[in-house]
Participant: 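My questions will all concern the structure given below.
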2 protein chains.
Amino acid sequence: MLTRSEEDHLKAVYTLLQEGDSASTKDIAHRLRTKASSVTDMLKKLAEKGLLKHEPYYGVKLTAKGRSHALQLVRRHRLWETFLVQRLGFGWDEVHEVAEQLEHVAYDKLTDRLDEYLGKPGFDPHGDPIPDRHGRIRERKTHRLSACATGEVVRIAAVSETTDGLLRLLDAKGLRIGSQLTVQEVHAFDGSMDIKPKNGSAFSVSKEVSHHLQVEPA
Amino acid sequence: MLTRSEEDHLKAVYTLLQEGDSASTKDIAHRLRTKASSVTDMLKKLAEKGLLKHEPYYGVKLTAKGRSHALQLVRRHRLWETFLVQRLGFGWDEVHEVAEQLEHVAYDKLTDRLDEYLGKPGFDPHGDPIPDRHGRIRERKTHRLSACATGEVVRIAAVSETTDGLLRLLDAKGLRIGSQLTVQEVHAFDGSMDIKPKNGSAFSVSKEVSHHLQVEPA
DNA sequence: TTCGTGGATTAGACAAGCCTAAATATCGTC
DNA sequence: GACGATATTTAGGCTTGTCTAATCCACGAA
């Protein structure tokens, strides 16, 4: 059994490794609003429990066991988000916090029943894939909007769930998961780009914004 | 903000005061599977936070603030139990533990939305009343089956939710919340009684069992 | 190659919650 | 009213998870 704090650290490691190529002590600390020294302690502990390999000063890698456990957390988190949006009528920009708490309720039967109740959804309200009970994820070939070239026509596949401001911005522009858009122009000097939604008027987004938008070919 | 442990202690106090007339340090400790000395510490802490009055050696009383907080916990617990049984198809004998965890997720909007989603139920699957968002409880005039006399015809109103064995026994006998039964005979020497469900054959229940069954006049 | 810098770790302190053992209080009974 | 049984509290210690401050290490620039 893992404590809540252990689970938080494990998930942070998993998420950072997903997003980039490494999970630095500093980044984990920042994500968990704690200090680097606390993270080092916890990494040591998780390593002892066989959930990850910790090479001091070099970095951290998840073991199969650690990855599996992290995937369960991700699964629960995304199922609860789906429940909150689909059934309780929450906005997709207000469910993260709550799911962050609900994900720690560890009871397989509950998770599986919830999964069935929601119709075994493949993706959560932000477009992120929901691992099945074995931790398997439905893979898609998405890329960042920021990596798109002028003229590309794409569909929004997913949005970083931790970016509430972005979620509200998309809402305001009428964009949803699945919305199509065309890249009209990419500005080299600041990485911003002009995009035109299929049924709407064009506007400009910063590099920051386009970085957090996952898209797939339309 | 209360910690999980503080909430557990507060709810234990509330529940014991509901069930009997006092909440002894010993009983709280027993209920929380902890030791009396730990409970004393926590009572001191809750008293400092203004949730209860603690007269050393004499006992404990909830303040309005403490009662209100406890009622929120009870509300969340019973709403989740209702959700688990009504929507996820759990048996009423297997939801207590899980609800015990879910009740600590404190987020008013979630609680209220869940309440609406379930149709603002007045009672949970065990027949216990669910406090509304203001902590108000729908009162009924129930009494214990063990207090019934020969010949009384009653309806089952509620069953102590912590008694899994009893819940399964009732299931096995085909009894539900709302089932009618007649008290056929009360045996003075051990307090056991013979009861006959409206649509079933008579059987005998121990004093222990009849003590945990709340009934109302049929 | 050497050094400076910033990230990572260690050392040591602290609060929260829990425990055991010892001291203290209450209460029913004689 | 004193005594013994039982409940309660206090004293002191342990573990967990956090922190700050100090130290250690890697790595890129000169």
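All figures in this text were calculated on a predicted structure; none of them were measured in a lab. Atom set for the values below is all heavy atoms of this structure, side chains included, hydrogens, waters and symmetry mates excluded.
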Participant: Please report the distance, rounded to the nearest Å, between CG in Asp41(B) and P in dC19(C).
Facilitator: 10 Å
Participant: Could you work out which one of dT10(D), dT18(D), dT9(D) sits closest to the side chain of Pro56(B)?
Facilitator: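 Of the options given, the side chain of Pro56(B) lies nearest dT9(D).
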Participant: So what does His54(A) touch, heavy atoms closer than 4.0 Å: a base, only the sugar-phosphate, or nothing?
Facilitator: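 Result for His54(A) = sugar-phosphate.
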Participant: Specify the separation, in whole Å, of atom CG of Leu43(A) and atom P of dT18(D).
Facilitator: 12 Å
Participant: To the nearest angstrom, how far is Lys44(B) atom NZ from dA16(C) atom P?
Facilitator: 13 Å
Participant: Could you tell me whether Lys61(B) atom NZ has more than 12 heavy atoms of other residues or ligands within 6.0 Å of it?
Facilitator: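 No, NZ of Lys61(B) has 12 or fewer neighbouring heavy atoms, counting only those of other groups under 6.0 Å.
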Participant: Find the distance Leu32(B):CG to dC19(C):C1' and express it as a whole number of Å.
Facilitator: 15 Å
Participant: For Ser37(B) and dC18(C), is the shortest distance between a side-chain N/O and OP1 or OP2 below 4.0 Å?
Facilitator: no
Participant: Separation of Glu6(B) atom CD from dA15(C) atom C1', in whole Å?
Facilitator: 13 Å
Participant: Taking only side-chain N and O atoms of Tyr57(A), does any of them lie within less than 4.0 angstrom of OP1 or OP2 on dC24(D)?
Facilitator: no
Participant: Less than 6.0 angstrom from the centroid, inside 45 degrees of the normal: does Arg87(B) satisfy that with respect to the ring of Tyr117(B)?
Facilitator: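 The answer is yes; both the distance and angle limits are met.
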Participant: Whole Å only: how far is the CE atom of Met42(A) from the C1' atom of dC19(D)?
Facilitator: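 Roughly 13 Å, once rounded to whole Å.
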Participant: From OH of Tyr58(A) over to C1' of dC24(D), roughly how many Å is that when rounded to an integer?
Facilitator: 13 Å
Participant: Determine whether a donor-acceptor pair (N or O, by modelled atom type, separation under 3.5 Å) exists between the side chain of Lys53(B) and the backbone of Gly59(B).
Facilitator: no
Participant: Answer yes when Arg75(A) and Asp112(A) have at least one side-chain N-carboxylate O distance shorter than 4.0 Å, and no when they do not.
Facilitator: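 Yes.
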Participant: Thr34(A) has a side chain; which of dT10(D), dC18(C), dC19(D) sits nearest to it?
Facilitator: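 That would be dC19(D).
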Participant: Taking only the side-chain heavy atoms of Thr25(A) (C-beta and beyond), determine which of dT9(C), dT18(D), dT24(C) contains the nearest atom.
Facilitator: dT9(C)
Participant: Between dT8(D), dG7(C), dC19(C), which nucleotide gets closest to the side-chain atoms of Ser38(B)?
Facilitator: dC19(C)
Participant: Rounded to whole angstrom units, what separation is found between the NZ atom of Lys35(B) and the C1' atom of dT10(D)?
Facilitator: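 In whole Å, dT10(D) C1' and Lys35(B) NZ are 18 Å from each other.
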Participant: Any side-chain N or O of Thr40(B) less than 4.0 Å from the OP1 or OP2 oxygen of dT9(D)?
Facilitator: yes
Participant: What I want to find out is whether Glu103(A) reaches Lys11(A) closely enough, with some N-O distance under 4.0 Å, to be called a salt bridge.
Facilitator: yes
Participant: Any side-chain N or O of Thr3(A) less than 4.0 Å from the OP1 or OP2 oxygen of dT16(D)?
Facilitator: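 For dT16(D), neither OP1 nor OP2 has a side-chain N or O of Thr3(A) closer than 4.0 Å.
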